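The structure appears right after this line, and notes come after that.
What you see is a predicted model, and the numbers here were worked out from it, not measured in a lab.
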Protein chains: 2
Amino acid sequence: MRRMPAEFEKHAGTILVWPVREGSWPHKGIDAQKTFTELANIISKSETLFMCCNPSDLDHVKNIFKDNPNIRVIAITTNDAWARDIGPTFVKENNIIKGVDWKFNAWGGDFDGLYKDYEDDDRFASSFCNSQGYSTIDAHPFILEGGSIHVDGEGTLITTETCLLSKGRNSNLSRKEIESQLKNYLGVSKIIWLPGGIVGDETNEHVDNICCFSKPGEVIMSWTDDENDPQHEICVKNLEVLNSTPDAKGRKINVIKLPLPANPVVIEEEDLKGFVFEKGEDEREVGEKLAASYANFYIANDAVLLPQFEDPNDKVAVDIISSLFPDRQVYPIKARSIIVGGGNIHCITQQIPYGGNTK
Amino acid sequence: MRRMPAEFEKHAGTILVWPVREGSWPHKGIDAQKTFTELANIISKSETLFMCCNPSDLDHVKNIFKDNPNIRVIAITTNDAWARDIGPTFVKENNIIKGVDWKFNAWGGDFDGLYKDYEDDDRFASSFCNSQGYSTIDAHPFILEGGSIHVDGEGTLITTETCLLSKGRNSNLSRKEIESQLKNYLGVSKIIWLPGGIVGDETNEHVDNICCFSKPGEVIMSWTDDENDPQHEICVKNLEVLNSTPDAKGRKINVIKLPLPANPVVIEEEDLKGFVFEKGEDEREVGEKLAASYANFYIANDAVLLPQFEDPNDKVAVDIISSLFPDRQVYPIKARSIIVGGGNIHCITQQIPYGGNTK
């Protein structure tokens with residue numbers, strides 16, 4: 001019996017990957033590295049944090065975390081730093097934790113992928129599992145990123161049509177065939193298809209940027225009341241789906257609306273100066289609107305790490321999330337340095353569920 | 001402030017290495033593998049067990065332990081399977097666990113080493129630490145095996161002169177210089193030098209085959225009253241040292257005598273048929289007496305794994321050890337399959353102390 005535990009279940013640890021790619025993280029990643037460090041230090045208060053880095057950065061990164069007993073720095077070569085999308089998706093089978101190793105093609109491969117060389121990223125899940133002695137379940141050639149799915153741990157999976165039915169992924173498979181892959185690898189029984197995610201999200205609108213489960217039967221969804229915002233229509237359609245689709249246990253899902261930032265977060269002149277793009281890599285431009293959303297938070301054992309955008313809605317988001325996670329401390333994190341890379345806090349994390357039965 | 005925690009302190013885990021070397025484990029290691037499996041399953045009841053194996057054995061070994069949630073099988077190439085001697089010696093520095101990476105030369109190198117190629121064994125400590133994200137403290141070119149030292153966790157280290165002053169190890173260093181290496185790398189302040197260990201022990205009489213700490217201030221020591229046994233004189237001399245040498249805290253050490261097996265354990269014709277020796281490797285012969293001792297047990301979080309030799313003293317040893325470890329279950333383990341390899345239960349284990357402060 002295979003089951004993918006939900007993010008809010010107990011973790012053995014969390015994976016992060018040290019950000020250095022100059023096409024993602026401007027100015028040699030210095031701001032992103034500060035934020036990753038802040039996140040690692042918070043997460044590691046209540047679970048083991050695996051900070052993976054390229055072998056050439058090992059000494060440097062080890063030195064940064066040398067005083068933290070719960071951070072393990074390990075060398076694994078990657079192309080970028082999105083642990084959610086390149087990491088294993090962990091499932092539990094008879095109390096054994098195993099990592100599902102999806103094919104990764106940089107969010108669309110030749111069709112609309114974001115960079116050209118992604119072989120190291122594709123190998124990351126198996127490399128990590130092998131280093132830690134977790135067995136893998138090889139899902140190749142099925143293409144999936146961890147950020148494109150959310151589960152409640154009780155049989156329900158939410159995803160977006162824009163992503164999982166995109167041409168750059170498993171275009172040879174029908175919706176039904178994709179469903180059966182998800183059911184097989186993750187042990188889920190009900191797939192809820194949202195029409196879309198956040199407008200402009202270059203992952204083909206990953207579900208983890210627009211909504212997530214706070215507990216079984218309850219989904220937090222990004223929302224805007226502004227009918228002139230193209231996001232509004234997507235939010236309304238998603239809400240209709242969630243309101244009309246019972247979950248795997250037959251429950252009607254309770255939807256909590258989470259406002260989007262009031263003001264757009266855009267690429268500035270100063271950011272642009274700091275990028276170094278490779279051939280074939282998706283480039284940024286000044287004024288480009290980034291897919292900022294508060295829903296892209298991460299749930300650690302004792303904490304919720306919530307992105308903040310120096311926006312009037314920052315505090316509203318903190319209040320809503322705090323009320324939904326009364327047993328965890330909510331940490332507001334200035335997330336601009338991550339979102340310029342194209343994702344957010346949830347995208348750079350990957351939880352390892354607790355599986356053993358030792359102390 | 002560096003400190004080597006004692007074996008009886010809380011562990012994060014234990015390392016074993018899967019036995020396959022045909023010069024050590026007769027009949028392709030089949031009996032040894034059964035016993036290693038038994039030990040791994042017991043130890044993993046109360047802590048994570050890292051079973052390291054050669055990459056070519058990975059699938060096979062993973063399959064053996066596939067139903068145990070607390071065993072992690074990881075691929076690291078080694079020359080043999082003595083985790084105590086080739087593994088890192090873990091110390092704690094400001095709550096951070098680090099692995100001391102000694103030089104390993106197969107118990108004596110060109111002088112009286114037991115096999116010729118030991119490069120993979122020498123690399124094992126750093127490979128293991130790197131895979132798990134533990135920092136290492138590189139002690140090369142200082143030569144040491146973990147089985148040649150025992151500590152009480154409070155500043156005292158016990159070793160044997162036969163081993164640490166042997167010609168095949170650090171013959172360029174004086175006793176005082178060796179002491180300062182141990183003090184530096186392990187954070188100990190008092191070295192107690194026993195004259196010798198078990199007669200015929202091919203490790204140059206490792207301390208872990210003759211005695212160990214049951215708690216600070218208390219040492220369990222193998223003993224024979226038989227004055228015709230050459231072992232008797234060594235035991236008497238060791239006892240004199242222990243009785244006359246206060247520990248690091250100034251305490252007089254309480255010595256508990258543990259009988260040696262009443263009957264010799266020897267290599268049989270049947271064993272000999274199963275070995276395949278390499279050039280330059282120490283060979284066995286029929287009738288060769290093996291250095292059997294009950295002191296070569298392993299202390300896990302909730303268990304003590306005690307070697308048994310189908311000997312009248314087996315039960316005596318179980319009773320003594322049970323009385324000294326009232327909070328742990330004592331598991332009597334038939335150890336013949338390990339001792340034909342030249343060591344015993346303690347020699348094939350290495351503890352990783354608990355260092356983090358997460359749940």
Side-chain angles (χ1 to χ4, degrees), chain A residues 10-16 40 42-53 55 58-59 61-63 65-76 92-99 126-137 300-303 352-359, chain B residues 10-16 40 42-53 55 58-59 61-63 65-76 92-99 126-137 300-303 352-359:
Chain A
K10 187 179 174 185
H11 299 180
T14 296
I15 309 172
L16 293 185
I42 294 168
I43 294 168
S44 65
K45 288 181 184 183
S46 59
E47 57 196 81
T48 301
L49 190 291
F50 294 91
M51 180 62 81
C52 304
C53 66
L58 187 64
D59 290 344
V61 180
K62 271 193 169 172
N63 194 49
F65 296 107
K66 68 178 163 36
D67 296 327
N68 189 322
N70 298 328
I71 295 185
R72 310 277 190 80
V73 182
I74 59 177
I76 302 179
K92 210 167 180 170
E93 224 165 13
N94 304 323
N95 208 26
I96 315 272
I97 301 298
K98 300 179 182 177
S126 62
S127 299
F128 181 84
C129 287
N130 289 341
S131 79
Q132 301 308 308
Y134 289 108
S135 289
T136 52
I137 299 163
N301 273 346
D302 282 355
I352 310 169
Y354 185 77
N357 45 26
T358 66
K359 296 170 196 173
Chain B
K10 185 179 175 185
H11 299 179
T14 295
I15 308 171
L16 294 184
I42 294 168
I43 294 168
S44 65
K45 288 181 185 181
S46 60
E47 58 196 80
T48 301
L49 190 290
F50 294 90
M51 179 62 81
C52 304
C53 67
L58 187 63
D59 290 344
V61 180
K62 270 193 171 174
N63 193 49
F65 297 107
K66 67 179 163 38
D67 295 326
N68 189 320
N70 298 327
I71 296 185
R72 310 275 190 83
V73 181
I74 58 178
I76 301 179
K92 209 167 181 172
E93 224 165 11
N94 303 323
N95 208 26
I96 315 271
I97 301 298
K98 300 178 184 177
S126 63
S127 298
F128 181 83
C129 287
N130 289 341
S131 80
Q132 302 308 308
Y134 288 109
S135 289
T136 52
I137 298 163
N301 274 345
D302 281 355
I352 310 170
Y354 184 78
N357 45 26
T358 66
K359 296 170 197 173

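The heavy-atom pair separating Gln132(B) from Gln132(A) by the smallest distance is OE1-OE1, 2.6 Å. Contact detail for Asn95(B) and Pro69(A): the closest heavy-atom pair is O-CB, 3.3 Å.
Judged as a side chain to side chain donor-acceptor pair (under 3.5 Å), and not counting sequence neighbours, Asn130(A) has no contacts.
There is no contact between Lys98(B) and chain A, counting heavy-atom distances below 4.5 Å.
In terms of non-hydrogen atom pairs under 4.5 Å with chain B, the most contact-rich of Asp67(A), Ile97(A), Ile71(A) is Asp67(A). The candidate from Lys62(A), Glu93(A), Met51(A), Lys92(A) with the greatest count of non-hydrogen atom pairs under 4.5 Å with chain B is Lys62(A).
Distance OG/Ser135(B) to CZ/Phe65(A): 12.0 Å, rounded to 0.5 Å.
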